[in-house]
Amino acid sequence: MIREILHFPDPRLKQPGAAVKNMTADLVQLVDDMALTMYDAPGVGLAAVQIGIPQRIIVIDVNHEEPGKHLLKLINPVIIAREGEIIWEEGCLSVIDYTAEVKRAAKVEVKAWTPDEKEITLQAEDLLAVALQHEIDHLDGKLFIDRISRLKRELYSRRVKKLLREGRPLEARKGPPAI
Ligand SMILES: [Zn+2]
């Protein structure tokens with residue numbers, strides 16, 4: 001089932017996710033729904049917090065040419081090492097019609113659990129490293145616009161609030177898939 005993605009300024013996006021203690025059948029279903037929702041959007045990543053479920057679960061697939069083949073379903077992901085710096089033009093499924101350059105670690109090592117409760121460690125660089133950092137931020141109640149200048153964030157926030165006040169629907173952004 002495709003779930004509804006929350007959009008800024010929905011306050012639920014600021015609510016940090018709680019660690020998953022055990023994988024129930026409902027959570028396995030939730031992870032599958034998250035993957036469907038991500039491909040449908042389309043986006044390269046989705047965090048449970050973005051569909052209003054405050055749990056530490058993310059899905060990522062940076063290769064949409066072969067959907068499903070490189071799909072990552074990560075439970076309680078934690079960054080255990082970072083290296084270097086990279087500037088990436090980021091967008092987000094929860095931040096309509098906006099992209100901005102964000103500074104991230106160029107390489108990360110992430111520890112997580114799979115839905116069948118295996119512990120894994122991933123090494124990532126480029127878009128995958130950016131997507132992991134972006135999604136784990138969501139689990140901490142943070143959006144990429146919290147990592148840009150206050151002025152830029154205010155301008156974006158004002159634009160969105162004006163659209164909402166006028167009752168105009170927020171249009172999905174065009175361009176490359178959002179994270
Ligand atoms: Zn996002």
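Every number for a ligand or one of its atoms is a count from 1 in the order of the listing. Predicted model, so just to flag it, every value in this text is computed and none were measured.
Atom CD of Glu4 has 12 or fewer heavy atoms from other residues, nucleotides or ligands within 6.0 Å.
Listed by first and then second residue, the ring pair (Phe, Tyr, Trp, His ring centres under 6.0 Å) pairs that reach into residues 117-138 are His134-His138, sequence neighbours excluded.
A salt bridge links Lys73 to Asp32: one of the charged nitrogens lies within less than 4.0 Å of a carboxylate oxygen. Of the charged side-chain nitrogens involved, at least one lies within less than 4.0 Å of a carboxylate oxygen, so that Glu166 and Lys162 count as a salt-bridged pair.
Tyr39 meets the ring-ring contact (aromatic ring centres under 6.0 Å, His included) test with His64; sequence neighbours excluded.
Excluding waters, the protein N/O/S atoms found under 2.8 Å from the Zn ion (ligand 1) are Cys92 SG, His134 NE2, His138 NE2, Ile179 O.
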Distance-only criterion, 3.5 Å: show the donor-acceptor pairs between side-chain atoms of residues 16-23 and protein atoms not counting sequence neighbours.
none

